[in-house]
There are 2 protein chains.
Amino acid sequence: MAHDSSKGARAAIPSPTVARLPVYHRALLSLAQNNADTVSSIDLALAVGVNAATLRRDLSRLGSIGTRGTGYDVSHLLARVESALALDRTWMIAIVGLGNLGKALARSEGFNSEDFRVGALIDVNPTIVGTRIGGIVVEDLDSLERVVKSERVSLGVITTTGAAAQDVATRLCHAGVGAILNFAPAHVSGPQGVVIRHVDLGSELKVLAHYGARALQQHPSSS
Amino acid sequence: MAHDSSKGARAAIPSPTVARLPVYHRALLSLAQNNADTVSSIDLALAVGVNAATLRRDLSRLGSIGTRGTGYDVSHLLARVESALALDRTWMIAIVGLGNLGKALARSEGFNSEDFRVGALIDVNPTIVGTRIGGIVVEDLDSLERVVKSERVSLGVITTTGAAAQDVATRLCHAGVGAILNFAPAHVSGPQGVVIRHVDLGSELKVLAHYGARALQQHPSSS
DNA sequence: CAGTGTGAAAATTTTCACAGCG
DNA sequence: CGCTGTGAAAATTTTCACACTG
């Protein structure tokens, strides 16, 4: 993980903290819906499966404002977390590669919410280009830059094969996206400045196998 | 992350290392296909985007056997990595929740390979129960334990709503799975011994927004 | 007095740098 | 000589524990 420039900006938030913020966000939304006014670090930590001290340290990075003796004001904290996650705008997303996963994401709630919206779908397969998925027309690869610009896309999602991934990433960066989520089974890199995150479901399964083997070694299934 | 029992077993592999093993695995497969006999830590590290010292340290945990002056024997190393990931058997998977994502995973290559195979599909929706996805009949929730046992499933994948996730996790653990991959937007826990990993695509998007905002702040898109 | 914010300690992970082997 | 394996240092992250505040 080498993306903490910490050059001009004010103190970057450590990446483990950034990774936990969405989890806090979710829990806070749920609390807000239950009309909770305040939460203590202990209760919130318990709900999300994190140590309370870690939670407090994380929140203090947001210039947090809890109340000693009481806890955190739910709606105030929610606002702070949303601000840290930059959820004060709607992010336009381009999905490149419309296989099983790409299609599923394009239709998913998370990608069609208040915070995120699919603005472009790209594929190389002529059979798919021109069709609509979730109301958006699939464009071909050469239209990538044009569509990214016209739809003001700033986040790219790669769900292509591993072989195509680097080329797509390069095009997305060139077109001006600010960050990329890569689901393709390949390491891709981009110019310094664009953050690229990797989520490889195949790898996740293999990690699971490693731990599963250890677990089953101790509790051999009763069959 | 609190799952390093390190009680009876021989030295557990640190979780950051476990998370990188699948990435090395992928790169090694590709090298093997290109008929490469050996790789140096530097070349392999470059290919996967990791520091060479980190890579060497990771491999040394596998009781690694590189050759000084030459590098690592590709096929030997591949075998070691596969052994550490427990890929010497076919893992049966149960997918619970067949919405967009669940269906996509059920049909994906990664879940229908030599290492992993879908053995059970479960959903609560009566419209879906009884249909086939990728040749497997979808069963209802009450059949979970029975099917997990009869199909010798040892890994569970949760792709339900957040609200249903904990109940499903509990049932999976009770049925005897060794590890769970949770895609539902909720924190779930299980008995000590079962490793539960969380992959939340919604959270990933929010993390991306955070970094995207920082990137765009410095390179405001030219439109 | 309940509960935050944070020094300081502990634990973990990464990285350097080099001895030593093939 | 080139490259691994690893002591030791550095960097990062987590956790404890408590002073302090509303």
Side-chain angles (χ1 to χ4, degrees), chain A residues 1-7 11-21 23-24 27-28 31 36-78 80-81 84 207, chain B residues 1-7 11-21 23-24 27-28 31 36-78 80-81 84 207:
Chain A
M1 300 84 201
H3 30 72
D4 284 329
S5 303
S6 67
K7 182 89 68 55
I13 300 174
S15 49
T17 296
V18 173
R20 282 187 295 262
L21 289 180
V23 181
Y24 303 155
L28 287 167
L31 283 167
D37 289 339
T38 59
V39 232
S40 68
S41 61
I42 297 177
D43 290 348
L44 187 50
L46 208 66
V48 301
V50 156
N51 176 290
T54 300
L55 170 39
R56 288 202 299 278
R57 174 94 51 195
D58 282 346
L59 297 185
S60 76
R61 315 254 189 215
L62 312 184
S64 169
I65 300 178
T67 311
R68 296 179 191 225
T70 308
Y72 298 90
D73 179 86
V74 172
S75 56
H76 181 226
L77 184 51
L78 195 50
R80 286 304 190 107
V81 172
V207 170
Chain B
M1 298 87 202
H3 31 73
D4 283 329
S5 302
S6 67
K7 181 89 68 56
I13 300 175
S15 49
T17 296
V18 173
R20 282 186 294 262
L21 289 180
V23 181
Y24 303 155
L28 287 167
L31 283 166
D37 289 340
T38 60
V39 232
S40 69
S41 62
I42 297 177
D43 290 348
L44 188 50
L46 209 66
V48 300
V50 157
N51 176 289
T54 300
L55 169 39
R56 288 201 299 278
R57 174 92 52 195
D58 282 345
L59 297 186
S60 77
R61 315 252 188 217
L62 312 184
S64 169
I65 299 177
T67 310
R68 297 179 191 226
T70 308
Y72 299 89
D73 181 86
V74 171
S75 56
H76 182 226
L77 184 51
L78 196 50
R80 285 303 188 109
V81 172
V207 170

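Every chain is numbered from 1 and lettered A, B, ... according to where its sequence line falls, protein lines coming before strand lines.
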Could you state the CZ-P distance from B:R80 to D:dT4, rounded to the nearest angstrom? 16 Å

Would you say D:dG22 has OP1 or OP2 under 4.0 Å from some side-chain N or O of A:T70? no

C:dT13 phosphate, OP1 or OP2: any side-chain N/O from B:N51 under 4.0 angstrom? no

Which heavy atom of A:R80 sits nearest to which heavy atom of A:G63, and what is that distance? NH1-O, 3.3 Å

Between B:Y72 and D:dG2, is there a side-chain N or O to OP1/OP2 distance below 4.0 Å? no

With side chains defined as the heavy atoms from C-beta onward, is the minimum distance between B:V81 and B:L28 less than 4.5 Å? yes

Per the atom types in the model, does the base of D:dT21 pair as donor or acceptor with the side chain of A:R68 at under 3.5 Å? no

Would you kindly compare B:T17 and A:S40 by the position of their nearest DNA chain C nucleotide and give the one closer to the 5′ end? A:S40

Matching residue for B:Y72 among B:L59, B:D43, B:T67 - test: side-chain contact (heavy atoms from CB on, under 4.5 Å): B:L59

Report the distance from atom CG of B:L55 to atom C1' of C:dC16, rounded to the nearest whole Å. 15 Å

Taking atom P of D:dT15 as reference, at what distance in whole Å does atom CG of A:L59 sit? 15 Å

Rounded off to whole Å, could you give me the CD1-to-P distance for the A:I13 and D:dT14 pair? 14 Å

Whole angstrom value for the distance that separates P of C:dA2 from CG of A:D43: 14 Å

For B:I65, report the nucleic acid contact type (base, sugar-phosphate, nothing); a contact means any heavy atom under 4.0 Å. sugar-phosphate

Between C:dT13, C:dT15, D:dC18, which one does the side chain of A:R56 approach most closely? D:dC18

Rounded to the nearest Å, what distance is computed from the CZ atom of residue B:R61 to the P atom of nucleotide D:dT4? 17 Å

Has B:R20 got a side-chain N or O lying under 4.0 Å from the OP1 or OP2 atom of C:dT14? yes

Looking at B:T54, does any N or O in its side chain come under 4.0 Å of the phosphate oxygens OP1/OP2 on C:dT15? yes

Between A:D58 and B:G71, which has a closest nucleotide on DNA chain D that is more 5'? B:G71

Heavy-atom nearest nucleotide on DNA chain D taken for B:I42 and for B:R57; more 5' hit belongs to B:I42

Nearest-angstrom distance from the residue atom CG of B:L77 to P of D:dC3: 16 Å

Compare all side-chain heavy atoms of B:L62 with those of B:L21 and state whether any distance is below 4.5 angstrom. yes

Is there a side-chain polar atom (N or O) of B:T67 under 4.0 Å from OP1 or OP2 of C:dG22? no

Atom pair OG/CG of A:S41 and A:N51 - distance to nearest 0.5 Å: 9.0 Å

A:H76 has an atom NE2; how far is it from atom P of D:dG22, in whole Å? 15 Å

